[in-house]
2 protein chains.
Amino acid sequence: MGNDQEQRHDKPRTKGQGTPDCRDCRVCRSAEWGALTDAQWELLSSRRVFRRYPSGAVIHRQGEGCTGVFTVHSGTVALRKTDGMGHSVLLRLVPAGETFGYSDCYAGQDYSSSGEAMEPSGVCFLERKALNSLLAANQELSRRFQEHLIRDYNTAKEAILQQAWLPVRARLAHLLSRLREHFGRREGGEGTAITPPLTRQDMADLLGTRQETIARTLHAMEQDGVLVLRGRTILVPDLGRLEEEHSV
Amino acid sequence: MGNDQEQRHDKPRTKGQGTPDCRDCRVCRSAEWGALTDAQWELLSSRRVFRRYPSGAVIHRQGEGCTGVFTVHSGTVALRKTDGMGHSVLLRLVPAGETFGYSDCYAGQDYSSSGEAMEPSGVCFLERKALNSLLAANQELSRRFQEHLIRDYNTAKEAILQQAWLPVRARLAHLLSRLREHFGRREGGEGTAITPPLTRQDMADLLGTRQETIARTLHAMEQDGVLVLRGRTILVPDLGRLEEEHSV
DNA sequence: CGTAACTTTGATTTACGTCAACTCGCGTGG
DNA sequence: CCACGCGAGTTGACGTAAATCAAAGTTACG
């Protein structure tokens with residue numbers, strides 16, 4: 001049993017083609033890396049390796065020795081954790097601009113999860129050694145990474161509480177609310193359209209449930225007028241209505 | 001609905017009586033604090049506040065502004081996270097020697113969980129300000145705390161995976177294996193006795209299930225010869241047998 | 001334009017939650 | 001010293017959310 005997570009483990013295509021110039025890279029310059037001085041930024045630029053991954057490609061594999069950190073330049077990456085029996089969950093989605101692999105890298109442990117591209121993505125890789133020298137040289141960089149780590153930890157703790165107490169429907173509503181932040185856009189008429197790069201299976205893996213349950217719950221919510229399904233995009237007429245489904 | 005978690009919130013007795021001398025304190029000198037120089041140790045000693053808590057007392061409350069970190073000197077503390085609807089889980093147990101509250105303190109956020117004594121416990125408190133100056137002065141201290149944080153984060157990620165895929169029985173077996181590390185002692189005859197300071201309700205809160213389910217599952221395991229129940233202590237004749245129940 | 005991946009829907013099962021009764025210490029106070 | 005109450009633990013009967021199994025239907029893309 002277990003779902004066939006191997007479906008995704010294919011062709012980690014590594015073309016250096018179209019490497020964007022780090023100098024102009026606004027997206028990467030934000031967040032943690034914004035703490036770097038110009039000189040440090042030069043070092044980073046010279047050591048970075050840019051790679052493109054097609055949708056579904058594996059960026060790093062759980063259990064491999066951690067060799068460095070990755071910053072998402074474009075697209076979306078998911079971190080998948082698998083146990084010894086073929087079960088897996090998606091721990092989180094990494095949107096463009098965010099860095100992942102930090103905690104494994106800092107602790108010097110093997111990757112504790114796999115990274116996979118949810119859509120065609122561009123990712124910058126920075127070797128562990130280079131990261132460490134930047135961290136040693138820049139206190140502020142270190143501080144920012146640690147705060148990011150704490151946010152992720154807090155999110156994980158929230159997830160544990162929710163998984164223990166909330167039914168699938170409430171967790172799904174919560175997920176959609178969060179997905180809206182990155183994948184939602186206001187529709188003129190009325191309401192918000194959310195188009196995450198996720199299959200039903202992916203949503204199930206995020207919530208620790210099954211794809212059939214996601215389909216059914218989504219349709220139940222449509223019946224209740226909370227949302228409208230249009231292929232892979234989910235239309236939410238009233239966000240307040242969606243949020244009533246959780247938190248309270 | 002919700003379980004009556006208020007049952008515990010009583011008498012945070014604060015007597016300075018019997019404050020142990022930090023100078024000789026082996027238990028606190030270990031772990032993260034072992035990184036301190038003698039001078040820094042003096043500072044720590046002078047700023048620390050020692051408090052005793054009876055079983056069930058609340059040490060800090062989720063949602064309150066984080067004022068500092070706590071190091072368990074003796075006894076055991078549990079970190080409980082509650083949502084807006086009276087539901088709660090135990091995120092982790094903090095055994096003697098370990099420090100808690102670090103991540104909230106570092107991020108400068110409110111306590112993200114409550115700390116409660118599971119048995120009569122002695123706890124040292126260190127103000128945020130003092131911690132920060134120690135962290136600023138001692139790179140190694142900072143490193144150790146960050147590594148502790150990463151371990152906790154990894155544990156949380158494991159818990160998410162387990163909660164999603166493992167049935168209660170397997171999670172319970174896993175819990176007992178971990179409890180053995182701190183609360184187990186070898187019995188002469190044959191086997192290991194585990195006596196954690198936990199009620200059935202506490203175990204349920206650790207696994208995200210109900211007390212009745214814990215009782216039933218424990219008895220089912222006894223039927224199957226995996227363990228023997230003797231009041232609050234759990235006798236495990238064959239640890240290998242217990243571990244077969246999970247991981248595989 | 002055909003095949004594989006994804007989605008939906010239905011029927012059935014099951015692990016676990018819920019509700020409720022009853023027992024067993026254990027400490028408190030009459 | 002016994003009665004009482006209360007929290008912890010156990011056990012049974014029952015309900016149900018969600019998993020499982022199975023089979024269409026649909027979309028996407030080589």
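Below, read A as the first sequence line, B as the second, and so on, with proteins coming before strands; counting in each chain starts at 1. Small disclaimer: the values here were computed from a predicted structure and weren't measured.
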**Complete:** Rounded to whole Å, CD1 of B/Ile214 lies from P of D/dA8 at a distance of 15 Å
**Asked** What nucleotide among D/dT20, C/dC16, C/dT8 has an atom nearest to a side-chain atom of A/Arg200?
**Response** C/dT8
**Item:** Minimum-distance nucleotide to A/Thr199 side chain [options: C/dT7, C/dG17, D/dT20]
**Value:** C/dT7
**Prompt:** Separation of B/Gln211 atom CD from D/dT11 atom P, in whole Å?
**Reply:** 14 Å
**Request:** Specify the separation, in whole Å, of atom NE2 of A/His219 and atom P of C/dT7.
**Result:** 10 Å
**Item:** Under-4.0 Å salt bridge between A/Arg200 and A/Glu212
**Value:** no
**Asked** In terms of side-chain heavy atoms of B/Ala215, which of C/dT18, C/dC16, D/dT11 is nearest?
**Response** D/dT11
**Item:** Distance, rounded to the nearest Å, where A/Arg169 contributes CZ and D/dT16 contributes P
**Value:** 17 Å
**Message:** Measuring to OP1 and OP2 of C/dG17, would you say a side-chain N or O of B/Thr213 lies under 4.0 angstrom away?
**Reply:** yes
**Request:** Identify, between A/Ala164 and A/Gly231, the residue whose nearest nucleotide on DNA chain C lies closer to the 5' end.
**Result:** A/Gly231
**Complete:** From CZ of B/Arg210 across to C1' of D/dT10 the rounded distance in Å is 17 Å
**Request:** Answer with yes or no whether A/Arg216 presents, from its side chain, a donor or acceptor under 3.5 Å of a partner atom in the base of C/dG10.
**Result:** yes
**Message:** Taking the nucleotide of DNA chain C with the nearest heavy atom to each, does B/Glu212 or B/Thr217 sit closer to the 5' end?
**Reply:** B/Thr217
**Asked** In whole Å, what is the span from the CE atom of B/Met203 to the P atom of D/dG9?
**Response** 7 Å
**Item:** Atom-to-atom span, CG of A/Leu207 to P of D/dA18 - whole angstrom
**Value:** 11 Å
**Complete:** Rounded to whole Å, the CG-C1' distance (B/Leu198 to D/dA8) equals 13 Å
**Item:** Heavy-atom closest contact (B/Ala159 atom, A/Ile160 atom, distance)
**Value:** CB-CD1, 3.9 Å
**Asked** Taking 4.0 angstrom as the limit, do B/Arg241 and B/Glu243 come out as a salt bridge?
**Response** no
**Prompt:** When all nucleic acid strands are considered with a 4.0 Å heavy-atom cut-off, which category describes A/Arg232: base, sugar-phosphate, or nothing?
**Reply:** sugar-phosphate
**Prompt:** Do the ring planes of A/Trp165 and B/His87 sit parallel (below 30°), tilted (30 to 60°) or perpendicular (above 60°)?
**Reply:** parallel
**Message:** Students often mix this up, so state it plainly: with edges at 30° and 60°, are the rings of B/Phe70 and B/Phe125 parallel, tilted or perpendicular?
**Reply:** tilted
